[in-house]
Amino acid sequence: MIYLDHAATSALDPVVLAAMEAALREPTGNPSALHAAGRAAQARIEAARAQVAALVQAEPESIVFTSGATESDNLAILGAARAAHARGRHVMTVKTEHRAVLDAVSALAREGFSTTVLKPDREGLLAPSVIEQAIRPDTTLLSVMLVNNETGVIQDIASIAAVCGRRGVLLHVDAAQAVGRVPFSVATLGADLVSLASHKIHGPIGVGALYVRHHPRPALMPLFFGGGQEGALRPGTVAVHQIVGMGMAYAQAHALAAQEIPRLAGLTARLWQRLEALPAVYLNGSAMHRAPHILNVSFAGVDGEALRYALPELAVSSGSACSAGDPESSYVLRALGREDALANASLRFSVGRTTTADEIDRAAQAVMAAVTRLRALAPV
Amino acid sequence: MIYLDHAATSALDPVVLAAMEAALREPTGNPSALHAAGRAAQARIEAARAQVAALVQAEPESIVFTSGATESDNLAILGAARAAHARGRHVMTVKTEHRAVLDAVSALAREGFSTTVLKPDREGLLAPSVIEQAIRPDTTLLSVMLVNNETGVIQDIASIAAVCGRRGVLLHVDAAQAVGRVPFSVATLGADLVSLASHKIHGPIGVGALYVRHHPRPALMPLFFGGGQEGALRPGTVAVHQIVGMGMAYAQAHALAAQEIPRLAGLTARLWQRLEALPAVYLNGSAMHRAPHILNVSFAGVDGEALRYALPELAVSSGSACSAGDPESSYVLRALGREDALANASLRFSVGRTTTADEIDRAAQAVMAAVTRLRALAPV
Amino acid sequence: MSARVAGSALVEQLFLQTPGAGVLTGPDCVMGEAIEPLSATHVRVYLQVREGQVVQARYQVRGCPFTIAALAILAPQWAGSPAASLRVDADGLERILEAPADRRGRFLLIEDALTQALSACATVLA
Amino acid sequence: MSARVAGSALVEQLFLQTPGAGVLTGPDCVMGEAIEPLSATHVRVYLQVREGQVVQARYQVRGCPFTIAALAILAPQWAGSPAASLRVDADGLERILEAPADRRGRFLLIEDALTQALSACATVLA
Ligand SMILES: Cc1ncc(COP(=O)(O)O)c(C=O)c1O
Ligand SMILES: Cc1ncc(COP(=O)(O)O)c(C=O)c1O
């Protein structure tokens, strides 16, 4: 199998695995307990918090650990909107966001909030002027992702943040796909809340984080309640081995960024160069503003399901894996103006630390053969 | 260090550790992805779901995986109360519940629900008649724990469930401390929702489950929203290794129950027998209705903090580790009528699979020596 | 979302080998065609008919694996049969291909293309 | 919640050794006592005073490690000092013991007990 689905989830880095195994073998302590075992666990959590903070140039105190980016997105959106509801009840997001964001915004709508879902242009980009016009006096929150999980399109968050800052609107950024692939610092990003993933960057599934700006600190209503952990924003006994793994994944991403990011970009460029040789293939999303690890291509003239069926050795995705199983064609590609059939006949290739140039070549060959065969079978 | 804090968290069983390491080493697949790696991950989750279901004699479809018992408690309480709010807005619980339950109920109060917090008797037991009298026409939910995490007191849930069933009130049971220590089947328990823990029974921290009765199935509003995983009740990429670990912990608990439960009961009985030799020591909670792994003892005439300080080699807890760091004396013991000073001067000993009789003897000796010395220091 | 999520070994074999795929041209050949725009499924059925007997049957298809497999079953069966006897047994295809119920529309699309070919047959070759 | 969550090695040593712990009885001995009911902290200070000089100082205590440590510092210091010079320097104790701010009340309780002992001294021994 050629695994080109790293944007869905990426295998643990061996260094992360080793750190987690060590943590799992330690005599356990509940990090909230005051005895020696508990204090040792707490120290490991704080070390990991520093590792996560370092990659995004945040203060460690601004990092809240969660169970994953879905929870981070919800804590940011539901939490900030509910906390600010006396100030206004209008929140905004974008059509191409991840389901975790869109569904959180829909939940707010059911709670009586008014919501605006902005449409990006055909490249997947959102002009700051579009946001400027959509902001109302009662707007409290905008959620825009840094790197789109289906297309890899990079949004110009700094310009968007400038608008939000000027108009007093909190900005949440889902950076789940950006971490380790598109270097950023929370300060220059200018967001108030940033969702961070672990398993998209060779860390464990089931842990994530939310950056919560410190000065000024946006008020957040927790999603749930209990023992007061993570500044009461995220209660529950803290999973030391998971957080240790995420911390190590961030440290690795940090250490490898300079060599790995250009390498990933080279791999997707190589893949596109191969596939482009076919007639009637289309790159989805901006060619200029894109993350190094994702390539999304539509193949005209073939049935999407048949195309995937013809490539059993290839682990790729068409649309966010989070909502795979959904037969509907990708809402993200449709938001970019792709017609249904073409959106359907698209593949998202996403590369990671283990991906080799040879795998790229074999994948390209397999895809080209499948597309060619299926097209030959079809009426012209 | 003598670790007698298994009710706070218990070290991984070696079998669980091996299963998790194997899962962590597998080529990863997002369980939602439709390719071979994704389907393999999905199969592992379903196997674990069956293991969890088997221990509590539930149908696998009724098990929803969460990030832990805190989340399970909140999903049950916030989820059921919010979903039923058109039918009524009164929820009830008990003073001695875990913070995750009490704080969820407080959150409902802030949302405009009316709430009743029932007082147990001095043994920690709640008479069904007390519940019967407190139920109002608009009561939709009662949350009562099976095994108290501080005292080990076992509540008579079946009788409570009978009242709830008769009066059309949903019953949520926090069974985080009961799993593997007090055998139960969800059917004979009679609850609609049951919170299940993993790390209290030698599984990993950061994963848990909620049993949601199938026929009839109570409506639940999710705590957060996204990719539709776990029947949309608990979205987010599913953490395969965590769930594999929890499943294996349940399978182990199942396999070992017949030998382990009496052994744990023997250990706490032995500890009590030793400590009882001291004058003025008091067992907290019912002596009759108690879980095998928890022993909570108050020591008159000593300062609680000094007592803990005098026992650095002993990892024990006074009050739920989840809210440790809180200088206030245990609210659970105070609810049982213990005065502040005595509640403060109490230790919760909790044993687990690794605890030996020798450790119990050494712990008893250390505690007796410390109590004797501190009493000698004090004015009579 | 790659790989074979549905379908038996039979579907896989038919999908890979597509027996009977191709076109027929000639004086005694007819073509029937049907399109379902939403999924962009497109089926063409070619029949060579002599004296009411189907001599050869071919197809072109852009469609899902079940649509392709169905045509790969039908076309070889049609060849050698009396034209009047040609049918698309959607129930039977669903069973033999272990197809999900939502594929019925695709099988009916094949029937549409066949019906069109047969009526062309009646017109052209009558 | 066991083990030493706060306090330096000094606190630990004083807590374990409790120098000066005990009672004093006799004609030239006085006792002062103070109780804080919420935490059930109970301090007794014993002084043996001859001609305005403290000959011996002892204490009994039920209290937190910092309270115990404070008494274990003070009693040995008091012995040999003029009774009129005895003080409880709460700031100094807080600093030297690295005590959290919430322990101030306990140090003031010791001061109460000392004050009572000294006034008993004035009354009894005057
Ligand atoms: C009875 C009970 N419920 C809920 C919890 C919360 O479990 P977790 O912290 O793993 O979410 C605990 C753990 O302390 C518990 O003992
Ligand atoms: C952009 C983005 N946000 C959020 C998520 C959700 O992450 P998780 O499923 O780990 O909670 C994903 C993962 O698919 C993602 O790609």
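Order of the sequence lines fixes the chain letters, A, B, ..., with proteins taken first and strands second; residue numbering starts at 1 for each chain. Just so it is clear, the values below take in all heavy atoms, side chains as well, and ignore hydrogens, waters and symmetry mates.
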Most heavy-atom pairs under 4.5 angstrom with chain A, which of Ala100(B), Ala197(B), Gly68(B)? Ala100(B)
Most heavy-atom pairs under 4.5 Å with chain A, out of Met20(B), Arg25(B), Glu26(B), belong to Arg25(B)
Given heavy-atom pairs under 4.5 angstrom as the criterion, report whether the side chain, backbone, both or neither of Leu17(B) touches chain A. side chain
Quick one: what part of Val238(B) sits under 4.5 Å from any heavy atom of chain A, side chain, backbone, both or neither? backbone
Rounded to the nearest 0.5 Å, what separates atom CG in Leu75(A) from atom CZ in Phe224(B)? 9.5 Å
NE2/His35(B) to CD/Glu313(A) distance, rounded to the nearest 0.5 angstrom? 13.0 Å
Chain B contact via [X] - side chain, backbone, both or neither, heavy atoms under 4.5 Å:
X: Gln242(A); result: side chain
X: Thr66(A); result: neither
X: Leu78(A); result: side chain
X: Leu223(A); result: both

So, the side chain of Asn30(A) versus the backbone of Ala8(B): is there a donor-acceptor pair under 3.5 Å, distance only? yes
Between Gly206(A), Gly38(A), Gly245(A), Gly236(A), who has the most heavy-atom pairs with chain B when the cutoff is under 4.5 Å? Gly236(A)
Most contacts with chain B, counted as non-hydrogen pairs under 4.5 angstrom, among Met221(A), Met1(A), His241(A): His241(A)
By ring-ring contact (aromatic ring centres under 6.0 Å, His included), which residues pair with His199(B), not counting sequence neighbours? none
If you compare all heavy atoms of [X] against all heavy atoms of [Y], which two are closest, and at what distance to 0.1 Å?
X: Phe225(B); Y: Asn74(A); value: O-ND2, 2.7 Å
X: Thr70(A); Y: Gly226(B); value: CG2-CA, 4.5 Å
X: Arg99(B); Y: Gly227(A); value: CB-N, 4.3 Å

With sequence neighbours excluded, residues passing side chain to side chain contact (heavy atoms under 4.5 Å, CB included) with Glu359(B): Ile2(B), Thr355(B), Thr356(B), Arg362(B)
Basic-acidic side-chain contact under 4.0 Å: Arg82(A), Glu111(B): no
